[in-house]
Amino acid sequence: MSEDRSIREIRLEKLQQLRDLGFDPYATEKFKIDHSVKHLLNEFDQLADLSESGKEDKPILSIAGRVVALREMGKAAFAHLSDGEDRIQLYIRKNDLDEWNENAWPAFKLVDIGDHLGVTGHLFTTKTGEKSLYVHTLTPLSKALHNLPLGKEKDGEQWYGLTDVDQRYRHRHLDLICNHEAREQLLNRSRIVSEVRRFFDNRGYLEVETPLLQLEAGGAAARPFLTHYNAYDIQVKLRISLELYLKRIICGDVPKVYEIGRVFRNEGVSNRHNPEFTLLEWYEAYANLEDMMECVEDLFRHVVTACVNVYGQVLTPGQRRMFNRSNRWMTIVSGLNPIEPRLPGADLYFMSQLGSDVIESTLSLLSTGNEIQFYSANLEYLSGEASILDQDERGGRLICLSTTRFRHSDGLLLTLEPGIYTFMSSVYGWASSNTSNDLATILDFTKPWHRVDLMTAIEERSGIKQSELTNLIDAKAAMKRVGLPTEKENNLGGIIEKLLEHFVEPHLQEPTFIVGYPIETSPLAKKDPNRPGFTRRFEGYVLGREVCNAFSEINDPIDQRERFEQQMGERDKGDDEAHPMDEQFIYALESGMPPTGGCGIGIDRLVMLLTGAEHLREILLFPMMRPELSHDNPED
RNA sequence: GAGACGUUAGCUCAGUGGUAGAGCAAUUCCCUUUUAAGGAAUGGGUCCAGGGUUCAAGUCCCUGACGUCUCACCA
């Protein structure tokens, strides 16, 4: 610090002064809390005795939290106390503290923004109507030795605060203290994972934990992290998937298992990649591909329903806080609340953001015949046309909109981009504007997912005929014809997956299963008996991104050995991500594994999808970061 | 890995080749129902680093570091 006395020094002095006054913040071991701040505010009228009785007769309550705002006014002061979830105003008066302890007021004057404080007192409402706590006694519970970047705040709107993306991730505690969005994302993730776990537990799956340290890291195509185990003096690898050990458990006649665990891949960092991430895999004996598809559908239905309905506060689209750094419109559309429909017909809630202006609106559509009228409490319809293309039995409508404009009551203009919108009548669907074409896409997880054959999809989207993709030479020629680079390709499967990625994936907005993957890129998936060169494997896609990967597992040990040997060949050719031989796994298969279906889902990306996060780092508490440069050693 | 943009006070950010700035936070003082409290005063800077141009560089040029965004590869 270059200040005369650094903030840290000043605060350490204050700490000593607090101790001298008998208010050592670090001496308290436990502080009894009667209520969370949120509960206090929600049940304010019940908890506060609003009768005219004196303050001695009011019920005394005890709460604690961090001081996040402080307004001193001579011999009285207002403060805001946050317990992380919510904040409540405190009113502190010198006279009242003096009655209790003559050192209390001097001690309070030493409290800074950022300190933790326990208080007792009674509830009251200030002149301006804010629910507050009238403090009788106070107990400093910690001292913040740093200046926390807490912004000012009113009615949930924040000024200043911590916005530096790098700092938010490096010092996540500051992010959690200063930014409500960070806390919401943390809760979102936790709840989604809980619901995933509940789903499998309810279905009789056994949750297991398998080794992170492995002699050979298999089950996926990726480079592992290496480390050394001293006791046996051997090199070990951090796992890159959960697959092989879970199937060894299936071989042990435990028919339904799942694991949610961290895996490690020695690769770069991006919006959607982190070297360690959380993977969900589950395996079910005697289940086939169709069973796995239904299971994925059920899982999404369960998680989305549970999170939207039970935790509506969190995942209701209107509640989502967008980390939208650009000035692009973000429109989120949610469906009609089926419990309390406000108007007949489809209904929209949407939040738009233009720069720093957040506009929340509701819009109802009422149709008579083919005519549509807009109803809204805060939007004035200006121009645009709409027509109904289709309507389903649940009240959902497919509506074609021209550019439609509204004026919000605050004066700002809103534009719904032209396109085809699906307005749902169920809470299960919502839409987000697609960043590539600004066309809203509704995700309805109540319906079965689309099922599309991989080769058929490629043919439809790229114009390349399936007959062109039966040998490497023709396939490369076809690839070249559509303008894709062919240098890196050395097998048919790779080309097919590249074509899928390039031509098909962007179109897979609604939940879709792509079925039938080439054998070369699926070394653990059962051969399709009816289609040489292809396996019984599917991947699920939502909003153009892969969300799951599933297949009927190979249970023929001879076949599995051949696949591994083929992979060893690829490895010899220089593919260091090819699958290694795993004799232990083969031995387990040779002991007999029933026909089994298995599926994997990247939890982080699932959370991204369900929370609208654009970056993996938003939903990862401590993403991988390059070490900070020390200012003392700029040479490093 | 490629491109664009950025790095100035604890935080958020201005800064036009000529003395380094604001708001918040901090320090001292006034104020017993304020709320982005208010009022008075004060302190706080390796302008990312290193070169270069110039009488003079936070500003212009070069190199590097780090970050953000976009694109490409891996889930």
Side-chain angles (χ1 to χ4, degrees), chain A residues 1-11 13-14 69-80 87 89-98 105 112-114 124-130 132 134 144-155 157-170 174 178 219-223 240-241 263 265-281 325-326 435 485 488 498 501 539 545-549 576-577 600-606 608 614-617 625-629 631-636:
Chain A
M1 284 304 132
S2 40
E3 300 159 48
D4 291 341
R5 286 151 73 229
S6 73
I7 287 173
R8 185 186 165 84
E9 283 168 18
I10 291 166
R11 301 241 171 147
E13 281 171 26
K14 287 183 177 178
L70 197 54
R71 295 179 292 283
E72 290 186 74
M73 311 183 49
K75 295 183 175 56
F78 288 93
H80 269 100
R87 46 166 23 210
Q89 179 169 263
L90 305 180
Y91 179 51
I92 302 110
R93 263 171 44 116
K94 179 175 187 298
N95 292 2
D96 297 301
L97 288 188
D98 283 346
W105 179 254
D112 289 305
I113 291 177
F124 78 114
T125 307
T126 62
K127 254 185 208 168
T128 51
E130 178 161 354
S132 308
Y134 193 118
L145 299 180
H146 300 137
N147 206 345
L148 300 184
L150 272 162
K152 298 229 170 186
E153 187 179 334
K154 188 189 183 185
D155 300 332
E157 202 173 347
Q158 264 184 283
W159 284 263
Y160 318 114
L162 186 70
T163 62
D164 186 294
V165 177
D166 190 49
Q167 293 303 312
R168 284 181 47 217
Y169 301 143
R170 287 191 192 278
L174 295 179
C178 301
R223 281 190 299 275
I240 58 172
S241 89
V263 300
R265 299 187 182 178
N266 211 334
E267 290 157 355
V269 171
S270 82
N271 290 352
R272 300 191 302 282
H273 296 87
N274 196 64
E276 55 178 303
F277 63 99
T278 304
L279 192 58
L280 157 71
E281 287 191 20
R325 299 285 179 227
S326 65
T435 51
K488 282 196 257 174
K498 185 75 75 185
E501 193 180 303
E539 289 192 348
R545 290 181 184 171
E546 180 195 331
V547 295
C548 75
N549 177 19
D576 52 2
E577 293 190 356
I601 290 182
I603 289 290
D604 312 278
R605 288 185 177 177
L606 175 69
M608 282 177 76
E614 295 197 43
H615 299 87
L616 194 57
R617 288 173 173 190
M625 305 287 281
R626 191 185 297 274
E628 267 184 305
L629 259 187
H631 288 290
D632 304 329
N633 303 311
E635 301 298 314
D636 290 351

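Lettering follows sequence order; numbering is per chain, from 1.
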Q: Do the charged groups of Asp164(A) and Arg168(A) touch, with an N to O distance under 4.0 Å?
A: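 Between Arg168(A) and Asp164(A) there is no salt bridge, as every charged N stays at least 4.0 Å from the carboxylate O atoms.
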Q: With a 4.0 Å cut-off on heavy atoms, is Asn549(A) in touch with a base, just the backbone sugar-phosphate, or nothing at all?
A: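 It contacts nothing in the nucleic acid.
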Q: Apply salt bridge (Lys or Arg N to Asp or Glu O under 4.0 Å) to Arg272(A) and list each qualifying residue two or more places apart in sequence or on a separate chain.
A: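 Partners of Arg272(A) by the salt bridge (Lys or Arg N to Asp or Glu O under 4.0 Å) criterion come out as none, since no residue qualifies.
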Q: For the backbone of Pro275(A) and the side chain of Arg265(A), can you confirm whether one donor and one acceptor N or O come within less than 3.5 Å of each other?
A: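 Such a contact is absent between Arg265(A) side chain and Pro275(A) backbone.
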Q: Not counting sequence neighbours, which residues clear side-chain hydrogen bond (donor to acceptor under 3.5 Å, both in side chains) with Arg605(A)? List them please.
A: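 Expected list: His273(A).
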Q: Name the closest nucleotide to the Arg617(A) side chain, picking from C73(B), U68(B), A37(B).
A: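 My answer, after comparing the listed nucleotides, is U68(B).
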Q: Using whole Å, report how far CZ of Arg71(A) lies from C1' of A37(B).
A: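 After rounding, the gap between these two atoms is 7 Å.
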Q: Could you pull out all residues at least two apart from Glu276(A) that satisfy salt bridge (Lys or Arg N to Asp or Glu O under 4.0 Å)?
A: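 Residues passing salt bridge (Lys or Arg N to Asp or Glu O under 4.0 Å) with Glu276(A): Arg262(A).
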Q: Between Glu267(A) and Arg223(A), is the closest basic N to carboxylate O distance under 4.0 Å?
A: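 Looking at Glu267(A) together with Arg223(A), the answer is no, because their closest N to O distance does not fall below 4.0 Å.
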Q: Is there a side-chain contact between Asn271(A) and the phosphate of U70(B), meaning an N or O under 4.0 Å from OP1 or OP2?
A: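 It does, given that an N or O in the side chain of Asn271(A) lies less than 4.0 Å from OP1 or OP2 of U70(B).
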Q: Nearest to the side chain of Glu267(A), heavy atoms from C-beta on, is which of C73(B), U34(B), A75(B)?
A: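 Out of C73(B), U34(B), A75(B), the nucleotide with an atom closest to Glu267(A)'s side chain is A75(B).
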Q: What's the gap between C61(B) and C73(B) when it is taken at their C1' atoms, as a whole Å value?
A: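 35 Å, rounded to whole Å.
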Q: Indicate whether OP1 or OP2 belonging to A37(B) is found under 4.0 Å from a side-chain N or O atom of His80(A).
A: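 His80(A) to A37(B) OP1/OP2: no side-chain N or O under 4.0 Å.
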Q: Atom CZ of Arg168(A) and atom C1' of U68(B): how far apart are they, to the nearest Å?
A: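 Roughly 12 Å, once rounded to whole Å.
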Q: Taking side-chain hydrogen bond (donor to acceptor under 3.5 Å, both in side chains) as the test, write out the residues that go with Lys498(A), two or more places apart.
A: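 Scan of Lys498(A) (side-chain hydrogen bond (donor to acceptor under 3.5 Å, both in side chains), adjacent residues dropped) gives none.
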Q: What integer distance in Å separates Asp166(A):CG from C11(B):C1'?
A: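 The answer, rounded to whole Å, is 15 Å.
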Q: Could you state the atom-to-atom distance from CE of Met608(A) to P of A75(B) in whole Å?
A: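 Computing the Met608(A):CE to A75(B):P distance gives 16 Å.
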Q: Both distances under 3.5 Å, Watson-Crick or G-U wobble: report the partner of A20(B), or none.
A: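 Pairing partner: none.
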Q: If you check every side-chain atom of Val165(A), which of U68(B), C11(B), C66(B) has the closest atom?
A: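 Closest nucleotide to the Val165(A) side chain: U68(B).
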Q: In whole angstroms, how far is the C1' atom of C73(B) from the CG atom of Asn266(A)?
A: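 Checked: the CG to C1' distance equals 14 Å.
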Q: With no hydrogens and no angle check, is any side-chain donor or acceptor of Asp604(A) less than 3.5 Å from a backbone partner on Thr278(A)?
A: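 It does hold such a pair.
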Q: If the C1' atom of G17(B) is compared with that of G43(B), how far apart are they to the nearest Å?
A: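 These two C1' atoms come out 30 Å apart once rounded.
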Q: Between G44(B) and G6(B), how far apart are the P atoms? Round to whole Å, please.
A: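 The answer is 31 Å between these two P atoms.
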Q: Nearest to the side chain of Lys152(A), which nucleotide is it out of A25(B), A75(B), G67(B)?
A: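 The answer is A25(B), which lies nearest to the side chain.
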Q: What interatomic distance, in whole Å, is found between P of A49(B) and the corresponding atom of G39(B)?
A: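 Straight-line distance between the two P atoms is 36 Å.
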Q: Report the distance from atom CD of Glu9(A) to atom C1' of U27(B), rounded to the nearest whole Å.
A: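 It is 13 Å, rounded to the nearest whole Å.
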Q: Expressed in whole Å, how much space separates the P atoms belonging to U34(B) and C29(B)?
A: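 That atom pair is separated by 24 Å.
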Q: Between protein and nucleic acid, restricted to nucleotides 30-32 of chain B and to nitrogen or oxygen atoms under 3.5 Å apart, what atom pairs and distances do you find?
A:
{"from": "C31(B)", "atom 1": "N3", "to": "Gly74(A)", "atom 2": "N", "distance (Å)": "3.1"}
{"from": "C31(B)", "atom 1": "N4", "to": "Gly74(A)", "atom 2": "N", "distance (Å)": "3.3"}
{"from": "U32(B)", "atom 1": "OP2", "to": "Lys75(A)", "atom 2": "N", "distance (Å)": "3.3"}
{"from": "U32(B)", "atom 1": "O2", "to": "Arg93(A)", "atom 2": "NE", "distance (Å)": "3.4"}
{"from": "U32(B)", "atom 1": "O2", "to": "Arg93(A)", "atom 2": "NH1", "distance (Å)": "2.8"}
{"from": "U32(B)", "atom 1": "N3", "to": "Asn95(A)", "atom 2": "ND2", "distance (Å)": "3.4"}
{"from": "U32(B)", "atom 1": "O4", "to": "Asn95(A)", "atom 2": "OD1", "distance (Å)": "2.2"}
{"from": "U32(B)", "atom 1": "O4", "to": "Asn95(A)", "atom 2": "ND2", "distance (Å)": "2.7"}

Q: Output the single nucleotide from A25(B), U33(B), U27(B) whose closest atom is nearest the side chain of Asn147(A).
A: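 The listed nucleotide nearest to Asn147(A)'s side chain is A25(B).
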Q: Grab the CD-C1' distance between Glu276(A) and A75(B) for me, whole Å please.
A: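 After rounding, the reported distance stands at 14 Å.
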Q: OP1, OP2 of A25(B) versus side-chain N and O of His146(A): anything below 4.0 Å?
A: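 No, outside the criterion.
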Q: Can you tell me which nucleotide in U12(B), C73(B), A26(B) comes closest to the side chain of Lys498(A)?
A: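 The listed nucleotide nearest to Lys498(A)'s side chain is C73(B).
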Q: I'd like the P distance from U7(B) over to A40(B), given in whole Å.
A: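 It works out to 32 Å between them.
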Q: Is there a Watson-Crick or G-U wobble partner for G1(B) with both distances under 3.5 Å, and which nucleotide is it?
A: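 Its partner is C71(B).
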Q: Sequence neighbours left out, what passes side-chain hydrogen bond (donor to acceptor under 3.5 Å, both in side chains) with Glu539(A)? Give chain and number order.
A: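 Partners of Glu539(A) by the side-chain hydrogen bond (donor to acceptor under 3.5 Å, both in side chains) criterion, ordered by chain and then number, come out as Tyr517(A), Arg537(A), Tyr541(A).
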Q: Within the modelled atom types, does a donor on one side and an acceptor on the other bring the side chain of Gln89(A) and the base of U34(B) under 3.5 Å apart?
A: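 It does, because a donor-acceptor pair links the side chain of Gln89(A) to the base of U34(B) below 3.5 Å.
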Q: Go through U12(B), A75(B), U33(B) for me and flag the one nearest to the Phe78(A) side chain.
A: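 The answer is U33(B), which lies nearest to the side chain.
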Q: If you check every side-chain atom of Ser270(A), which of A75(B), C73(B), A26(B) has the closest atom?
A: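 My answer, after comparing the listed nucleotides, is C73(B).
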Q: Within this structure, what is the CZ-to-P distance between Arg87(A) and A36(B), rounded to whole angstrom?
A: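 Rounding to the nearest Å, CZ of Arg87(A) and P of A36(B) are 10 Å apart.
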Q: With a 3.5 angstrom cut-off on both distances, give the Watson-Crick or G-U wobble partner of A14(B), or none if there isn't one.
A: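 In the structure as shown, A14(B) has no Watson-Crick or wobble partner.
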Q: Which of these nucleotides, U34(B), C24(B), A26(B), is closest to any side-chain atom of Glu130(A)?
A: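 For Glu130(A), the side-chain atoms sit closest to U34(B).
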Q: Rounded to whole angstrom, note down the C1' distance from G64(B) over to A72(B).
A: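 So the two C1' atoms sit 25 Å from each other.
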